[in-house]
Protein chains: 2
Amino acid sequence: MKATALDPDTLTPGARRVLDSASELFYERGITAVGVDLIAQHSGVTKRTLYNRFGSKEALVATYLLARDRRWRAHVAGALATSGLTPQERATAPFRALRTWMLDNRRGCAFINALAELPDPEHPGHRVAADQQQWLLELFTSLATEADLRDPGDLAHQLLCLYEGALAVQTPATTRSSAETVADAASVLVRAAAPSAP
Amino acid sequence: MKATALDPDTLTPGARRVLDSASELFYERGITAVGVDLIAQHSGVTKRTLYNRFGSKEALVATYLLARDRRWRAHVAGALATSGLTPQERATAPFRALRTWMLDNRRGCAFINALAELPDPEHPGHRVAADQQQWLLELFTSLATEADLRDPGDLAHQLLCLYEGALAVQTPATTRSSAETVADAASVLVRAAAPSAP
DNA sequence: GGGAAGGTTCACAGATCAGTATACGCGAGG
DNA sequence: CCTCGCGTATACTGATCTGTGAACCTTCCC
């Protein structure tokens, strides 16, 4: 009956394994396409345990997205913690985080994919996915403001689009990855918005 | 048993209605979440007819994506047919096409969404979706080349990411739409790659 | 007249879906 | 000792999924 996400950091050992399996399967094969029976089998846990811990598939999906969101925010925080960055370099730091992130996440943005499968705003996972974009937009906005860039809101919007686009575009025949190519574009946009620029 | 896409332009009246209903439902609610029974009911046609015409849900999905791809290409062609455009304006013309397109397509990029739901490369719809991105990448590349811009391949890759990103990002609290904001970013990138630029 | 094409009606298969019921095992902490 | 938290095992419900079988009704065209 429960429909809200659990705290991914306080889980019983069985629930942990369920969430790990669900994360992999949902991301790799899609949320709707993966059934609870498969998740239970893959995690070596009974379906009964899955429901005792999470209450419903909805809640498991929401927890999966929440856990992924936390991982991503920690990953970005790591890139921002680098010392000796200029304010402008800080504004494009998430793109450097994106490069390493995409090495292990080749199936696009999990939140965009989730929104594609969960159009219902009432679904608890929908809000988690929407919040993730909002958070990133605000992060870009504050970074742009701290770097004294023009039109921080618009610039942040543009950087967010570049970021989501890099995740969406499957790397083409080009030798360089989308993350690297897009990081260059972000630098160009940031320089163009610099206070000293023409 | 058929698994390949039909030609969306040569359809019987019943098949036409099926495809129209499927297009709306697949885009709005997701491919896996929509069953053939719902499509048949929504289009006022028997499930038997649906299978007589399309052979399988797979094939219907592939046809849906193919039809959408043709609509989009025609839409872009319209924007490129505008007279009096400079080569640099032509390079960003798809972004002007995007603005009007997004007025009626508020659920993101149908092809990205489809790839999220159809990870299997063997699925006939997968290839249609992948081809769409490839086509757009090549279009941007040739437009950049014709405008004599530096690194046409990389620039096209960046523009493609901007394009997909604009579709993926649900318009935030900002007053301007993603399409407009991203069109500005595209202009900045194009100007920065102009032969006369610093 | 006689096909052939497009569509309808309705029943039905076989699989898979989310979720539940009941009963049991086991270890830790009071 | 005894309960409670965690997990196991198995069977089951009812709904929904894709896909099929068989018979029948038009309309158009040769």
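Naming convention: chains lettered A, B, ... in sequence-line order (proteins, then strands); numbering from 1 in each chain. Everything quoted here is computed from the prediction, not taken from an experiment. No hydrogens, no waters, no symmetry mates; every other heavy atom, side chains included, goes into these values.
In this structure, CG of B:Asp37 is placed 15 Å from P of C:dC10, rounded to the nearest angstrom. In this structure, A:Tyr51 atom OH and D:dT13 atom C1' are separated by 13 Å, rounded to whole Å. Computed from coordinates, the A:Gln41 CD to C:dT16 C1' distance equals 14 Å when rounded to whole Å. Look at CG on A:Leu50: it is 13 Å from P on C:dC17, rounded to the nearest Å. Rounded to whole angstrom, the span from the CD atom of A:Glu58 across to the P atom of C:dG19 amounts to 7 Å. The CG atom of B:Leu11 sits 15 Å away from the C1' atom of C:dA5 (whole-angstrom rounding). Rounded to whole Å, atom C1' of C:dA18 lies 14 Å from atom CG of A:Leu38. Atom CG in B:Leu60 sits about 15 Å away from atom P in D:dC17, given to the nearest Å.
Side-chain contact, A:Asn105 with A:Arg71: no donor N or O sits under 3.5 Å from an acceptor N or O.
For A:Lys57 against C:dG19, no side-chain N or O and base N or O form a donor-acceptor pair under 3.5 Å.
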N/O donor-acceptor pairs under 3.5 Å from side chains in residues 97-104 of chain A, not counting sequence neighbours:
| from | atom 1 | to | atom 2 | distance (Å) |
| --- | --- | --- | --- | --- |
| A:Thr100 | OG1 | A:His75 | NE2 | 2.9 |
| A:Thr100 | OG1 | A:Ala97 | O | 3.1 |

Without placing hydrogens or testing angles, list every side-chain donor-acceptor pair under 3.5 Å for residues 76-83 of chain B, not counting sequence neighbours.
| from | atom 1 | to | atom 2 | distance (Å) |
| --- | --- | --- | --- | --- |
| B:Thr82 | OG1 | B:Ala79 | O | 2.9 |

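In terms of the salt bridge (charged side-chain N to carboxylate O under 4.0 Å, His left out) criterion, residue partners of A:Arg70 (sequence neighbours excluded) are, by chain and number, A:Asp7, A:Asp9.
Within the nucleic acid shown, A:Val34 comes within 4.0 Å of sugar-phosphate atoms alone, with no base atom in reach, counting heavy atoms only.
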Could you go through nucleotides 6-8 of chain C and list every protein N or O atom that sits under 3.5 Å from one of its N or O atoms, giving the distance for each pair?
| from | atom 1 | to | atom 2 | distance (Å) |
| --- | --- | --- | --- | --- |
| C:dG7 | OP1 | B:Thr12 | OG1 | 3.4 |
| C:dG7 | OP1 | B:Gly14 | N | 2.5 |
| C:dG7 | OP2 | B:Thr12 | OG1 | 3.1 |
| C:dG7 | OP2 | B:Arg53 | NE | 3.0 |
| C:dT8 | OP2 | B:Thr46 | N | 3.3 |
| C:dT8 | OP2 | B:Thr46 | OG1 | 3.3 |
| C:dT8 | OP2 | B:Thr49 | OG1 | 2.8 |

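Among pairs with a residue in residues 124-149 of chain B, those fulfilling ring-ring contact (aromatic ring centres under 6.0 Å, His included) read B:Phe95-B:Phe140, at least two apart in sequence or across chains. Residue pairs meeting the salt bridge (charged side-chain N to carboxylate O under 4.0 Å, His left out) criterion with at least one partner in residues 116-135 of chain B, sequence neighbours excluded, do not occur; the list is empty.
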